[in-house]
Structure formats: C-alpha cells, structure tokens
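Read through the structure below, which is laid out as structure tokens, and then see the notes.
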Amino acid sequence: MPWPSRKRDKGAVADKKEPDAKIAKTENETSDKEEEEMSAKPPAGSSKSGWKNWKKKESESGGEESKITYCHWLLKSEPESRLEKGVDVKFSVDDLKAQPNQTTCWDGVRNYQARNFLRSMKLGQQAFFYHSNCKEPGIVALVKIVKEAYPDHTQFDQKDPHYDSTSRKENPKWSMVDVQFVRMTKRFIPLSEIKAHHLAHKADGGPLKDMMLFSRQRLSIQPLTQEEFDFVLSLEEEKPH
DNA sequence: GCCAACGTTGGC
DNA sequence: GCCAACGTTGGC
C-alpha cells in the first residue's frame, strides 16, 4: 500500500464537518508557505528552474503552459496485507466498497508533494483507484472526491503508524480528503499496459507521454490531465493485451 | 548548501 | 525477496 493507510474503522463522515474543514483551510493557507520549501525538491535529474516552472504552472491558470491543469487523480492503495509498525495497511477496492457509504478518508499521506495535491482536490473530481505493491498492479475502479482537504487526525494518534510527533494541532501538517466509490472499471487496467502506451506515446507524442506514474513513480497521489484521464479510461473498452 | 547515508516505495 | 528509484536526514 502507499502511505494512505486506509483505516478499516471509521468510514469517514462526508460533509457534516463544514466548520472544521473551513478552519483547516485557512490554517493551511498560512502553513503552506513554510512547508512548501521542503516539499519543493526537484525531481532527480531536473534543473532547479525546471522545477520552478513546474510549480508555476500549477498555480497559474492562463497562458501557454497552463494546459497543465489537473482535474483528475490517481490514488494508490495496497490491496495485499502488509504490516507497518504492527498495523495492517491493506486497503483494496473491496475494502473501500465495504465502508459505510462506500466512502473513506484518505489518511496517512506523509509526503509533501502528495499532500499538496490532496489539498488541491476539488469536490466531485474523479480519480482512479490504483492497486500498488501487489501481484497485479493497475487501475481497478473510479472514485470521486466527496470532501475536500481537512486535517488528517492520524498524525496526532500515537498508536497510528503514521503518527507525526512534530505536527501541532493548531497547525496540522497533514491533510486528507474523503473519497467515495463510483464504479469498477469495465476491466482491470494493468500497469504494464499503461506503461506500454506511455512508452509509445513518448515516441509519438501521444497523451500519456508525461504521465506521472512513470516520471514520479513513488508518488502515491498523482494528478492526471483531462487527456491522460480520457485516454486511460478509453482503455477499459479495449480487449485486454 | 552540498552530498552521503539511510529509509521507503513499489515493480518485478 | 531483490533492488532501483527516489525522498529525507544530518554532518560538515
């Protein structure tokens, strides 16, 4: 599994907590500045300016480069049991479907870049549910964001494998969103197949040429452009390879 | 601020 | 289970 250590317990209370979420938002706004720096590590092998441009692209809207607007996501989760500090972090799509409302909070993200993506997610946006660290890695389902970023309570829980002793209640470092199951993809879309398209597209300029699954392989929360999302989704109509 | 050591992710 | 590809930490 990724960082998201799905909790089998609570099924996330979508909505209801409006005040909390608001407070979190304003707090995050200010805390963002300081933490942004440490999170802003250039990808290995890329220049500083390249990274700056990338960051710029993300915040701007309008202009040449801003076709890079992300409105879809890929969320990794581990469908097979694995112990992290004595706690099983397994969370498969079946586990998601078994939650009340088929909804869960996406807690346990402890990576700044992933966190920043979490915080930019908007209500109603769709995401791929991806099985990682397992026999058959790949996309199994569609989910949607049903609650925007709010503080991840597991950072304050000493018994949680993702407890963070450096985080303050007044200024939480880590956020989570709530996601709800939408549907299974019409078929399993294996990583191997997505990768094959990615390689082909690098040569011919197709839609998956820059897909983050391959350029930032370890990121558990990844954005997709509309084009990337549409192309990957179109694969479910094809025959398996 | 550089960079080596270390830790983690995750495909294979 | 191996190990490549990173992200983080800490010495200097």
Side-chain angles (χ1 to χ4, degrees), chain A residues 1-7 31-52 54-55 58 73-93 95-96 106-120 127-141 152 154-155 160-168 172-176 185 188-202 208-224 228 232 235 240-241:
Chain A
M1 124 164 278
W3 296 287
S5 84
R6 246 64 308 261
K7 285 350 228 339
S31 67
D32 249 356
K33 300 290 189 298
E34 13 177 340
E35 283 151 21
E36 206 96 33
E37 300 316 317
M38 47 170 105
S39 67
K41 287 274 199 148
S46 77
S47 71
K48 265 228 168 86
S49 60
W51 179 249
K52 282 215 174 99
W54 184 87
K55 277 180 75 178
E58 224 200 355
W73 310 94
L74 182 146
L75 308 178
K76 297 184 185 176
S77 192
E78 298 187 37
E80 296 173 4
S81 283
R82 186 174 62 82
L83 293 189
E84 210 172 297
K85 296 180 179 152
V87 179
D88 193 353
V89 294
K90 161 188 187 304
F91 193 78
S92 68
V93 69
D95 295 318
L96 173 63
W106 209 263
D107 61 298
V109 172
R110 297 293 182 267
N111 169 283
Y112 285 107
Q113 197 185 4
R115 181 205 67 177
N116 293 342
F117 285 138
L118 270 181
R119 289 181 176 178
S120 66
F128 290 123
F129 191 100
Y130 176 94
H131 278 171
S132 71
N133 202 13
C134 57
K135 289 288 105 45
E136 285 202 295
I139 292 166
V140 293
D152 177 348
T154 66
Q155 68 196 297
D160 192 277
H162 303 111
Y163 171 65
D164 183 352
S165 62
T166 68
S167 185
R168 302 290 125 140
K173 271 189 187 173
W174 306 110
S175 302
M176 63 186 183
T185 48
F188 173 69
I189 305 173
L191 172 64
S192 58
E193 195 177 319
I194 303 170
K195 185 190 262 177
H197 286 291
H198 165 67
L199 289 174
H201 290 182
K202 275 210 302 190
L208 298 193
K209 66 179 187 324
D210 296 323
M211 195 174 181
M212 227 175 263
L213 242 199
F214 308 101
S215 58
R216 320 225 27 146
Q217 72 177 210
R218 291 181 44 180
L219 201 55
S220 69
I221 309 273
Q222 312 198 348
L224 283 82
E228 289 167 343
V232 172
L235 296 178
H241 293 174

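Order of the sequence lines sets the chain letters (A, B, ...), proteins ahead of strands, with each chain counted from 1.
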Nucleotide nearest [X] (side chain, heavy atoms from C-beta), chosen from [options]:
X      : options              : answer
A:L191 : B:dC12, C:dT8, C:dG7 : B:dC12
A:Q217 : C:dA5, B:dC12, C:dG7 : C:dA5
A:R82  : B:dT9, B:dG10, C:dT8 : B:dT9

For [X] and [N], give me the distance from atom [atom1] to atom [atom2], rounded to whole Å.
X      : N      : atom1 : atom2 : value
A:N133 : C:dA4  : CG    : P     : 17 Å
A:L219 : C:dA4  : CG    : P     : 22 Å
A:L213 : B:dG11 : CG    : C1'   : 11 Å
A:N111 : C:dT8  : CG    : P     : 5 Å
A:H162 : B:dT8  : NE2   : C1'   : 11 Å
A:R115 : C:dT8  : CZ    : P     : 11 Å
A:I221 : B:dT9  : CD1   : P     : 13 Å
A:E80  : B:dG11 : CD    : C1'   : 12 Å

Check: Taking OP1 and OP2 of B:dT9, is either one under 4.0 Å from a side-chain nitrogen or oxygen of A:K76?
Finding: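 For B:dT9, OP1/OP2 do not have a side-chain N/O of A:K76 under 4.0 Å.
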Note to self: Below the 4.0 Å mark, does C:dG7 have OP1 or OP2 next to a side-chain nitrogen or oxygen of A:R110?
What the structure shows: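 For C:dG7, OP1/OP2 do not have a side-chain N/O of A:R110 under 4.0 Å.
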Next item on the list: Determine the interplanar angle of the A:F214 and A:H198 rings, folded into 0 to 90°, and report it as parallel if under 30°, tilted if 30 to 60°, perpendicular if over 60°.
Entry: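 If you compare the ring of A:F214 with that of A:H198, the planes turn out parallel.
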Margin query: Using every non-hydrogen atom in the two residues, find where A:F188 and A:P137 come nearest and quote the distance to one decimal.
Written below: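 Looks like CZ-O, 3.5 Å.
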Notebook entry, point to check: Do you know the tightest heavy-atom contact between A:L118 and A:S175?
Noted result: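 For A:L118 versus A:S175, the nearest heavy atoms are CD1-O, 3.3 Å.
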Check: When you check the side-chain N and O atoms of A:R110 and A:T154, is any donor under 3.5 Å from an acceptor?
Finding: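 The answer is yes; a qualifying pair exists.
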Item checked: A:W174 ring center within less than 6.0 Å of A:Y112 ring center ->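 Centroid separation for A:Y112 and A:W174: below 6.0 Å.
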Check: With a 4.0 Å cut-off on heavy atoms, is A:Y130 in touch with a base, just the backbone sugar-phosphate, or nothing at all?
Finding: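 Sugar-phosphate contact only - A:Y130 comes under 4.0 Å of backbone atoms but never of a base.
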Notebook entry, point to check: Under 4.0 angstrom, heavy atoms only, what part of the nucleic acid is A:K195 near: base, sugar-phosphate, or nothing?
Noted result: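 A:K195: backbone/sugar contact only, no base atoms under 4.0 Å.
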